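Data block below; observations after.
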Amino acid sequence: MLVVGLTGGIGSGKTTVANLFAERGVPVIDADIVAREITTPDKPAFAKIVKHFGDDVVMPGGTLNRSRLRSIIFADKRERLWLENLLHPLIRDEMRKQLSALSVPYCIAVIPLLLEVEFYSFINRILVIDAPESAQVDRVLSRDRSSRSEIEAILKSQASRHDRRAKAHDVIVNDGVIADLAPQIEKLHAMYTQLGREKN
Ligand code: ATP
C-alpha cells in the first residue's frame, strides 16, 4: 500500500482536503484524532501530561483541557517540545497499527507536523496543502475562538511555506474557493491509485 502523508500549516485546509479524499472512498488516518484517542483519561499519556502541567489542564469533567494546553505550549517552546516528544512516538505507533489493518491501493495519513518531526518513516509520499498565510489566519479566526496572536505564534512555530513546498512530492494549492480543490484531488486520486497498484 502507498501511504501518502498529507500536511500543511494551521488552517491551510488539511481536514477539508482529507474529507474530499474520504468522499472518494480513500481511508484517512488523522494524527490529531489519534492524539485525542491516546490522551483520554484511561491512557498512560494522560497521567503523564497532568503530572507535568498540573491539574490546570484538566476540565471539570475530567478530560484534558486542550485549549489551555495549547496556550501553554505555544507560549513556551520547551513545554511544546516536551509534549511533542511524549506524543509523537505514541501517535506514530498507533497510526502504524491502524495502517496495518488496511488493504487498499493507497491511504492518506494526515500529519500536521510531518515535516517538522522525523518520526514518520512509514510515509511514502508527501502531499502539502499550500495556502497564503493571511488566508490561514482568517480561516482559523472565523472557525474557532483562538486569538490572532495565538494563531500567529503557531504559524511561526511551524515550517515555512517555502520549506514545505521544497519537501513536497505533490502540492494542492488552496488559495481560492473550496470548489477549486476537487479537480486537483481528482488528478492526485488517479495517480495515487495507480502508484499504489504498482507497489503491490
Ligand atoms: P488545522 O491546522 O487548524 O487543523 P486544517 O489545515 O485542517 O486546520 P481546515 O480545518 O480544513 O484546515 O480549514 C480551516 C477552515 O477554513 C475551515 O473552517 C474550512 O472550512 C475553511 N476553509 C478551508 N479551505 C477554504 C477555502 N478554500 N475557502 C474558504 N474556507 C476554507
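Because only heavy atoms are used, hydrogens play no part in the values below, and waters and symmetry mates are left out as well, while side chains stay in. Because the structure is predicted, anything quoted here is derived from the model rather than measured. Along the sequence shown, the residues carry numbers beginning at 1. Just follow the structure's listing: the first ligand is 1, and inside any ligand the first atom is 1.
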Legend entry - Ser12 and Arg139: side chain donor to acceptor below 3.5 Å: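 On atom types as modelled, these side chains do not qualify, holding no pair under 3.5 Å.
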
Inset, instruction - Assign the ring pair His189 / Tyr106 to parallel, tilted or perpendicular, where the plane angle (0 to 90°) is split at 30° and 60°. - result: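 His189 vs Tyr106 ring planes: tilted.
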
Legend entry - Atom-level proximity to ligand 1, residues with heavy atom under 4.0 Å: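 If the criterion is a heavy atom under 4.0 Å, then ligand 1 touches Gly9, Ile10, Gly11, Ser12, Gly13, Lys14, Thr15, Thr16, Arg139, Arg143, Asn174, Gly176, Val177, Ile178.
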
Inset, instruction - Please check if atom CZ in Arg143 has more than 12 non-hydrogen atoms from other residues, nucleotides or ligands closer than 6.0 Å. - result: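 More than 12 within 6.0 Å, yes.
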
Inset, instruction - Might you confirm whether atom CZ of Arg24 has over 12 heavy atoms from other residues, nucleotides or ligands at distances under 6.0 Å? - result: yes

Inset, instruction - Of all the heavy-atom pairs spanning Ala159 and Glu116, show the shortest one and how long it is. - result: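 Nearest pair, atom of Ala159 first, then Glu116: N-OE2, 2.7 Å.
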
Inset, instruction - For the pair Asn124 (side chain) and Val3 (backbone), establish whether a donor and an acceptor sit closer than 3.5 Å, ignoring hydrogens and angles. - result: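 The answer is yes, because a donor-acceptor pair under 3.5 Å joins these two groups.
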
